[in-house]
Amino acid sequence: MSGIAVRASRLAEHRDVLLSALRRHHGGGSDQALLSQWCGRYLNLLLPPALVAARVLRRPLRMALADCTLLLRDGLPQALCLPCEALGDETDAPAERYRSLCVDHLLPFIDMMAASVSLSPRVLWSTVGNSLEYALSTGFASEEARADADYLFGQRSFFDTGLANPLYRVVHYHAFPPAPLSSPLRLRRLCCLRDRLPGERVLCSSCPKLLQLDEGALVEQLLLRKTAFGG
């Protein structure tokens, strides 16, 4: 297996390597669907330490994209190296604890990667929001976590950038979903495009496309999910 270290801010220059890695794994697929899945793996490295620092330690991680390095192994993300002394001072303000993650890292990362394959940035922000909302509502569930979620997903403005918040209401709970889906049904704003990959027939449990299926197709989805994931 071959590994290389790449500046996170220059990942788009390695687009073909990244796409080839996912194409080998899935056996094909559009550039947009493959890039979306690759970014999902990247976010699995990025988000947990930022969340633990912000939520458990109540401290921000300084992680400007230009200051981070990613270890790639056969085109797949393996480890993310942050700047030295990245851990900031303790603070109660969610704007301070999450700003570097969202503004200094995710904003340029998503713009860069989405542009490399003509993918809407909203697809990747939906994946970010889905992961953050799930973590804050389950693993970190508390009044403080709800306050963080209210800030991240309830503000129409994006920190102090003057931009509209791409995380605004990125996840919602459907009170009256069609049978046989359970209520309330947790749904992300946009599909991650995984269903566009060869052989991927099971929609994510939070996929908004579930609402477009008739009852027979929904039953089939539940059976496929039970077979694939054991329930």
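Quick note: numbers below take in every heavy atom, side chains included, and nothing from hydrogens, waters or symmetry partners. Nothing here was measured: the structure is a model prediction, and the numbers come from that model.
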Before giving the answer on side chain to side chain contact (heavy atoms under 4.5 Å, CB included), spell out for Leu46 and Phe109 the whole-Å C-alpha distance, their side-chain angles and the decisive distance to 0.1 Å.
CA-CA 11 Å; Leu46 175 71; Phe109 170 77; 5.9 Å; no
Let me see the working for Asp74 and Arg24 under side chain to side chain contact (heavy atoms under 4.5 Å, CB included), right down to the final yes or no.
CA-CA 10 Å; Asp74 290 345; Arg24 289 193 301 272; 4.3 Å; yes
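With hydrogens and angles ignored, the 3.5 Å screen pairs no side-chain donor or acceptor of Arg59 with any backbone N or O of Thr91. Proximity of a side-chain donor or acceptor of Arg73 to a complementary backbone N or O of Ile4 within less than 3.5 Å is not detected. Checking side-chain atoms of Arg97 against main-chain N and O of Asp92 turns up a donor-acceptor pair under 3.5 Å. Under a 3.5 Å cut-off, the side chain of Ser126 and the backbone N or O of Arg122 do not form any donor-acceptor pair. The main-chain N or O of Leu223 is found under 3.5 Å from a side-chain atom of Thr227 such that the two form a donor-acceptor pair. No donor-acceptor pair under 3.5 Å is formed between the side chain of Ser183 and the backbone N or O of Leu185. A donor-acceptor pair is defined here as one N or O able to donate and one able to accept, closer than 3.5 Å; such a pair exists between the side chain of Arg225 and the backbone of Leu203. Checked by atom type and distance alone, the side chain of Arg188 pairs as donor or acceptor with a backbone atom of Leu190 at under 3.5 Å. Panel note: side chain Asn165, backbone Leu152; a donor-acceptor pair is recorded below 3.5 Å. For Gln221 (side chain) and Arg201 (main-chain N/O), a donor-acceptor pair under 3.5 Å exists by modelled atom type.
Under the ring pair (Phe, Tyr, Trp, His ring centres under 6.0 Å) criterion, the residue pairs touching residues 114-141 are Trp125-Phe158, with sequence neighbours excluded.
His172 and His174 have tilted rings, their planes meeting at an angle from 30° to 60° on a 0 to 90° scale.
Note that the CG atom of Leu43 and the CH2 atom of Trp38 stand 9.0 Å from one another [nearest 0.5 Å].
Taking the side chain to side chain donor-acceptor pair (under 3.5 Å) definition, one finds that Glu133 meets it with Tyr173, Arg186, sequence neighbours left out. Checked against side chain to side chain contact (heavy atoms under 4.5 Å, CB included), Ser157 has no partners two or more places apart in sequence or in another chain. A search for side chain to side chain contact (heavy atoms under 4.5 Å, CB included) contacts involving Asp104 returns Ala64, Arg99, Ser100, not counting sequence neighbours.
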Side chains of residues 110-117: which donor-acceptor pairs under 3.5 Å do they make with residues two or more places apart or in other chains?
unit_1	atom_1	unit_2	atom_2	d
Ser116	OG	Met113	O	2.6

Distance-only criterion, 3.5 Å: show the donor-acceptor pairs between side-chain atoms of residues 207-216 and protein atoms not counting sequence neighbours.
unit_1	atom_1	unit_2	atom_2	d
Lys209	NZ	Asp195	OD1	3.3
Lys209	NZ	Asp195	OD2	2.9
Asp214	OD1	Gly216	N	3.3
Asp214	OD1	Ala217	N	2.8

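When every heavy atom of Leu70 is checked against every heavy atom of Ala79, the shortest pair comes out as CD1-O, 3.3 Å.
For CZ of Arg196, the number of neighbouring non-hydrogen atoms (other residues, nucleotides, ligands) closer than 6.0 Å is 12 at most.
Ion pairing between Arg23 and Asp31 holds under the 4.0 Å rule for side-chain N and carboxylate O.
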